[in-house]
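Here the structure is laid out as structure tokens; the discussion comes afterwards.
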Number of protein chains: 2
Amino acid sequence: MYDVARLAGVSQTTVSFVVNNVTSAAISQETRDRVWAAIHALGWRPNAMARSLRTRHSQTLGLISDEVVTSPYAVRIILGAQEAAWAGQQMLLVVNTSGQRDIEQTALQFMLERRVEGLMYAAMYHHEVTPPPELTQAPVVLVNCFVADRSLPAIVPDEVQGGYTATEALIRRGHRRIAFINEIIPMPALFGRLEGYRQALAAYGLPFDPALVQSCHSNAHDAFAAALALLERDDRPTAIFCFNDKMAMGAYDAIKRLGLRIPHDVAVIGFDNLELIAAQLYPPLTTVELPHYEMGRRAVELLQTLPAGESLPPVQHYLPCPLIERESI
Amino acid sequence: MYDVARLAGVSQTTVSFVVNNVTSAAISQETRDRVWAAIHALGWRPNAMARSLRTRHSQTLGLISDEVVTSPYAVRIILGAQEAAWAGQQMLLVVNTSGQRDIEQTALQFMLERRVEGLMYAAMYHHEVTPPPELTQAPVVLVNCFVADRSLPAIVPDEVQGGYTATEALIRRGHRRIAFINEIIPMPALFGRLEGYRQALAAYGLPFDPALVQSCHSNAHDAFAAALALLERDDRPTAIFCFNDKMAMGAYDAIKRLGLRIPHDVAVIGFDNLELIAAQLYPPLTTVELPHYEMGRRAVELLQTLPAGESLPPVQHYLPCPLIERESI
DNA sequence: TCGAATTAGTAATTCGTTTTACCAAAGTCA
DNA sequence: TGACTTTGGTAAAACGAATTACTAATTCGA
């Protein structure tokens with residue numbers, strides 16, 4: 001900056017005023033032009049560290065995730081966060097811990113040393129977490145996860161609404177016997193979607209038949225077996241709501257194996273909206289989307305609206321899971 | 001730091017020496033303990049910006065990607081880069097430009113202002129790019145892409161070897177008539193894999209039959225049709241090499257539709273190793289993996305070995321695509 | 001026993017900005 | 001014409017560390 005000042009024949013202060021467009025300083029247009037010319041001539045570029053040191057604004061947000069980067073499911077959290085950060089002139093520092101506690105700790109230290117203006121702690125799938133306590137040394141939002149006592153603000157998908165939406169979509173198309181192939185490992189999604197399924201049935205005056213709810217591990221293979229079992233019943237369901245798209249893939253195989261057609265004989269609806277599966281299956285799979293992008297975006301927006309020095313109230317935000325209509329129902 | 005010094009009854013210099021474990025400074029163990037005690041008592045944490053300003057090391061790498069974050073294919077580039085950065089005590093600044101030129105420009109400016117110690121410019125799929133010229137103002141590596149005149153160092157997958165590996169795997173299992181369903185839009189992968197396919201046939205003394213090479217858009221639906229056409233020939237192939245896993249998914253459907261079995265009647269091999277598809281298909285799909293993780297890792301390692309102030313020689317690194325054996329061949 | 005080496009530390013400068021406080025010249029107004 | 005305002009700047013002090021050059025006290029070796 002001193003070099004620029006010398007070349008432009010002004011003081012370093014003036015250069016600073018020019019590059020920052022400081023309105024309170026009266027600098028003639030002619031001088032401004034000279035300064036900019038000198039800047040370009042020298043190829044000078046401000047040093048963000050020096051600036052941040054002085055202004056005490058790092059213009060940086062930190063994102064700590066367990067396996068988010070690894071999984072095609074959840075990367076969109078990062079995308080949403082990054083685009084929102086971008087809109088607020090901030091950049092994103094990301095660390096994927098692969099679930100290792102020590103990496104998590106160190107990453108947190110590093111981010112705090114870099115004086116991030118906000119922290120996001122994101123999980124690959126919606127579940128309870130116990131993050132390191134230092135997390136609260138900066139404003140923080142949990143994304144796709146929550147702490148047991150709900151003492152930290154969190155943004156999570158509304159599983160109940162998601163289950164309701166899926167079931168309702170089937171009911172509206174006239175289905176009365178709707179099977180549900182659910183996950184078997186206890187997690188919020190399991191309980192939430194089941195609850196939504198039940199609420200939707202109740203809302204439309206349909207009976208809840210426990211025999212129509214099967215549980216298995218959430219992979220195509222096990223879902224194939226579960227679907228087969230459901231379809232071989234005498235009073236076979238006319239629609240299957242699958243806990244996720246991978247399971248829907250298994251259900252497709254089972255339906256095709258029995259010579260039945262989708263959606264004419266059996267309708268299928270999934271969950272997750274994994275483009276790779278849902279759009280490639282034949283017929284393309286109607287499914288419910290987890291609002292990953294939206295969660296990332298909202299998290300950043302919450303952090304950005306925060307007055308300096310304060311931290312967010314421990315509100316749990318439930319984001320809706322929208323229906324993605326394709327051709328399987 | 002001054003507060004810590006005061007509490008420990010030493011100078012700020014001494015605190016600095018203690019926290020950085022400066023060996024050239026002789027500080028007694030007793031003093032060290034006092035300093036650390038003061039640090040913990042005050043909850044002091046070094047300010048990375050001040051440190052970086054003085055040391056001129058930002059401990060940061062920048063990663064600019066087009067759609068990498070969006071795509072389940074390529075996120076592993078980020079993971080590999082991040083883990084390597086981590087090993088070198090660096091953090092990753094990521095920006096996904098969604099292919100927008102202006103975002104790319106600004107992101108680059110921001111990163112240069114933050115004095116990143118290296119830059120990576122990554123593409124979602126292997127293709128030629130023309131990045132902004134300022135890119136070279138920091139040491140840079142292209143990842144999964146290259147410039148026309150090869151004047152920038154790049155790390156790309158070895159498509160030829162990949163095509164060779166896939167074809168060879170089929171030949172070794174006794175297949176003599178091997179079809180290839182290729183991509184139709186011109187790109188390095190199309191030419192490279194075809195070349196690998198031909199080289200493998202030649203190496204094993206098999207004839208190249210143009211009728212066995214079909215081209216279509218790389219989605220399951222079009223590949224379904226292409227596979228059907230191939231399989232309805234009188235001299236139908238006993239194996240199909242698909243340009244990617246999505247297309248293999250279509251080929252599976254075609255094979256099953258004809259009542260044939262995989263791999264007994266027809267073997268299938270894919271490309272990409274999209275876990276979501278490859279592992280969920282039945283039978284699980286044998287495929288060739290694009291070394292995304294490895295490319296990210298290597299990129300960072302190249303940047304890290306670089307002496308300060310220098311830039312990398314414009315070497316094009318071709319990383320091998322390993323065979324992932326499952327049960328479809 | 002004296003000079004050299006070692007031990008244990010400190011004062012002051014620097015990194016590259018932003019920002020506050022200040023100043024001189026020119027213009028304005030009664 | 002003199003006081004006041006506006007215009008167009010500048011000097012100097014932060015921001016929070018790392019680092020260099022130094023000192024004073026102790027130990028060592030011959």
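Reminder, nothing fancy here: chain letters follow the sequence lines and each chain counts from 1. Because only heavy atoms are used, hydrogens play no part in the values below, and waters and symmetry mates are left out as well, while side chains stay in.
- A close approach under 4.0 Å does occur between a side-chain nitrogen or oxygen of B:Ser16 and OP1 or OP2 of D:dA18.
- For B:His57 and D:dA18, the NE2 to P distance is 12 Å, given to the nearest whole Å.
- For B:Val10 and B:Thr55, each mapped to the nucleotide of DNA chain C holding its nearest heavy atom, the one lying further toward the 5' end belongs to B:Val10.
- The CG-C1' distance, from A:Leu53 to C:dC15, rounds to 9 Å in whole Å.
- Applying the 3.5 Å distance criterion, the base of C:dA11 shares a donor-acceptor pair with the side chain of B:Thr13.
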Before you tell me yes or no, could you show the steps for A:Arg298 and A:Glu294 under salt bridge (Lys or Arg N to Asp or Glu O under 4.0 Å), namely the whole-Å CA-CA distance, both residues' side-chain angles and the distance that decides it to 0.1 Å? CA-CA 6 Å; A:Arg298 283 291 298 278; A:Glu294 202 57 24; 5.6 Å; no
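- Using modelled atom types and a 3.5 Å distance limit, the side chains of A:Asp66 and A:Thr97 yield no donor-acceptor pair.
- Look at CE on B:Met49: it is 14 Å from P on D:dC15, rounded to the nearest Å.
- Inter-residue side-chain proximity for A:Met1 and A:Val19 is flagged as met; some heavy-atom pair is nearer than 4.5 Å.
- Ranking C:dC15, D:dA17, C:dG9 by closeness to the B:Pro46 side chain, first place goes to D:dA17.
- For A:Thr14, taking side-chain heavy atoms from C-beta onward, the closest of the listed nucleotides D:dG9, D:dT19, C:dC15 is D:dG9.
- A side-chain donor from one of A:Thr14 and A:Ser11 sits under 3.5 Å from a side-chain acceptor of the other.
- Under 4.0 angstrom from either OP1 or OP2 of D:dC15 there lies no side-chain N or O belonging to A:Arg56.
- Distance from the side chain of A:Ala50 is smallest to C:dT17 among D:dT10, C:dT17, D:dG16.
- Whole-Å rounding puts the A:Asn21 CG to C:dT19 C1' distance at 16 Å.
- The side chain of B:Ser11 approaches C:dA11 more closely than any other nucleotide in the set C:dT18, C:dT17, C:dA11.
- Taking only side-chain nitrogens and oxygens, A:Asn47 never comes nearer than 4.0 Å to OP1 or OP2 of C:dC15.
- Atom pair A:Tyr2:OH and D:dT10:P shows a separation of 12 Å (rounding to whole Å applied).
- Below the 3.5 angstrom threshold, one finds a donor paired with an acceptor across the side chain of A:Arg54 and the base of D:dA14.
- If you take CG of A:Asp33 and C1' of D:dG8, they are 15 Å apart, rounded to a whole angstrom.
- Atom pair B:Glu30:CD and C:dT7:P shows a separation of 17 Å (rounding to whole Å applied).
- Side-chain N/O atoms of B:Arg45 include none lying less than 4.0 angstrom from OP1 or OP2 on D:dG16.
- Picking from D:dA18, C:dT17, D:dG9 the nucleotide with the shortest atom distance to the side chain of B:Arg115 gives C:dT17.
- Nearest nucleotide to the A:Phe17 side chain, out of C:dG16, C:dT18, C:dT19: C:dT19.
- Relative ring orientation between A:Phe110 and B:Trp86 is described as tilted, the plane-to-plane angle lying within the 30° to 60° band.
- One donor-acceptor pair, N or O on each side, does fall under 3.5 Å between the base of D:dA18 and the side chain of B:Gln12.
- Note on A:Thr31: a side-chain N or O is less than 4.0 Å away from OP1 or OP2 of D:dG9.
- Checking B:Asn273 against B:Arg76 by side-chain atom types alone, no donor-acceptor pair falls below 3.5 Å.
- In this structure, A:Asp3 places its CG atom 11 Å from P of C:dC15, rounding to the nearest Å.
- You'll find that the side chain of A:Ser28 is closest to D:dG9, out of C:dT7, D:dA18, D:dG9.
- For D:dG16, neither phosphate oxygen OP1 nor OP2 lies less than 4.0 angstrom from any side-chain nitrogen or oxygen of B:Trp44.
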